[in-house]
Amino acid sequence: MATNKNAWKKKITERIPRLLSSNSYITLIDLFIDMQWIERRHFYNWKDGLHQTLDENFNFSDKKQVEALAIFEKQMEGHKSIDIPWHEHSLLRGECLLRVSAHDSREALYQRYYFANDLTDRKRKSIEKKLTAEPSPRIFLKVGKDTECEMCETPIFKGDFFYLDIQKPYCMKCLNLNHLSFLPSGDATLSRRAREFSESFAEVVEWSRRGRYERRGILVDEAAIEKAEASNLQDAEKRKVGREKGKQRQIKIDVKHTEEFQKTILDIFPSCPRNEVASIAFHATVRSSGRVGRTAAAKKLDNKMIRLAVIAYIRHKHTDYDELLSHGFSKDIARKKIQGAVQEKLKSWEMTLDGYNSLA
Ligand SMILES: [Zn+2]
C-alpha cells in the first residue's frame, strides 16, 4: 500500500526533467497540468478571472500540495529562476493580477519559473523577455452553440470572433476591435511582420478536441498585412536562399553521419555485406524517423546502439519476424522465436572473412 500511495512522488521527479527538456523552463503549474492534477479548462477559467485562486480547483489534498511543493523546490535547487506574478490583461478590466494560492509562501513558489541547466544565457534571456512581455488579448473563434454579446446583445454565431471575460462573451464591435483583419497562421514571417506593423494586435484561438486552445491566426490592421506582404515580396528571394543553405548544411551533416555510421557497423561487423551496411545505415539514420539510429547515443556512435540498429535490420530482412507479427504474435513472442536466427547472423557478420567482403 505504502508504495502505491507514494507512487506520485516518483512520477513527479521523473516528469520534471522531461518538461524541462521539452519547454526549456518549468513552473509548478506546468507540472500539475502535466500530472493531470489541474484540468486545463479550470486553468483557462482562472486566467479568465472566474476563480479567486487556482487551487480551489486542485483535485488533490492540501497535504499532497505541500509535499509536492517541497519535492519540486528541492529538485530545482541549483537551477536559475525568475519570479513573475501570474497576470492577465483583460480588455475590459485592464491588468489583472492572479493568484494560485491564498498562502503567500506557496504563491512565491508558484510564481517561479525555473530554467533548464543547459540553456545559454542568451537563450534564457530571450525566454525571460517573452515571459515578462504583456500578454496579448485572446480572441476566440465561436464553436458550438450560438450566443450573444453581453453588452449589445448582438448574436455571436458559429465561426464569429468574440472575446471572453469572466465567462461572458463580447462582440468585436463592443471591444473596438472590429476594424481589425484576420490573418490565418501558416506564414510565420508574414505574421511576425504584420504584428510589428500593426497598432492593434490580438491572437485568435480555437478550442481544440485535444482539450486546449490552439492558435488559428492573428487580428491586425489591414494596412499592416499589406505592408507585411510587400516586405515579404521584397526579400522573398533572399529568404529562399537562406532556407536552401540551411537545408544543404543539414544534408551534409546527415551524409557525414550516415558515413560514420557505416564505418562503425563495419568495425563491429566486418563480414556484413556492403550493400546491407548501406541499407542499415540509411534506414537507421533517416531524419526524424525516430529510429534507433537517430537517438542522441547513436549520434555519438555508441556500439550498443549500432548493434540494436543491426539487429532491427536482421529481424526484418533475414527472419520471419514481420510474418509472425502479421499472424498476430506479440512483439515479445515473435522476438523470442527469431532470437536464434538473429544471433547466428550477428555471429557470422562479426567474423573477419576478407574474401566475403570484397563482393561489394
Ligand atoms: Zn457587443
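Given the structure is predicted, the values throughout are model-derived calculations rather than measurements. All residue numbers refer to positions in the sequence shown, counting from 1. Each ligand, and each atom within it, is numbered from 1 in the order the structure gives.
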Peer 1: We want to know whether D267 and T264 form a side-chain donor-acceptor pair, criterion being a heavy-atom distance below 3.5 angstrom.
Peer 2: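 Checked: D267/T264 side chains show no N/O donor-acceptor pair below 3.5 Å.
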Peer 1: Mind checking what makes salt bridge (Lys or Arg N to Asp or Glu O under 4.0 Å) contact with E88, not counting sequence neighbours?
Peer 2: K47
Peer 1: Using distance alone, with no hydrogens and no angle criterion, decide if E276 and H318 have a side-chain donor and acceptor under 3.5 Å apart.
Peer 2: yes
Peer 1: Hey, are K10 and E14 close enough for a salt bridge, meaning a charged N less than 4.0 Å from a carboxylate O?
Peer 2: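 Answer for the salt bridge query: yes.
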Peer 1: Would K125 and E128 pass as an ion pair if we require N to O under 4.0 Å?
Peer 2: no
Peer 1: Taking the Zn ion (ligand 1) as the centre, how many protein N/O/S atoms fall inside a distance shorter than 2.8 Å?
Peer 2: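 With waters ignored, the protein N/O/S count below 2.8 Å is 4.
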Peer 1: Would the number of heavy atoms belonging to other residues, nucleotides or ligands and lying under 6.0 Å from NE2 of H316 be above 12?
Peer 2: yes
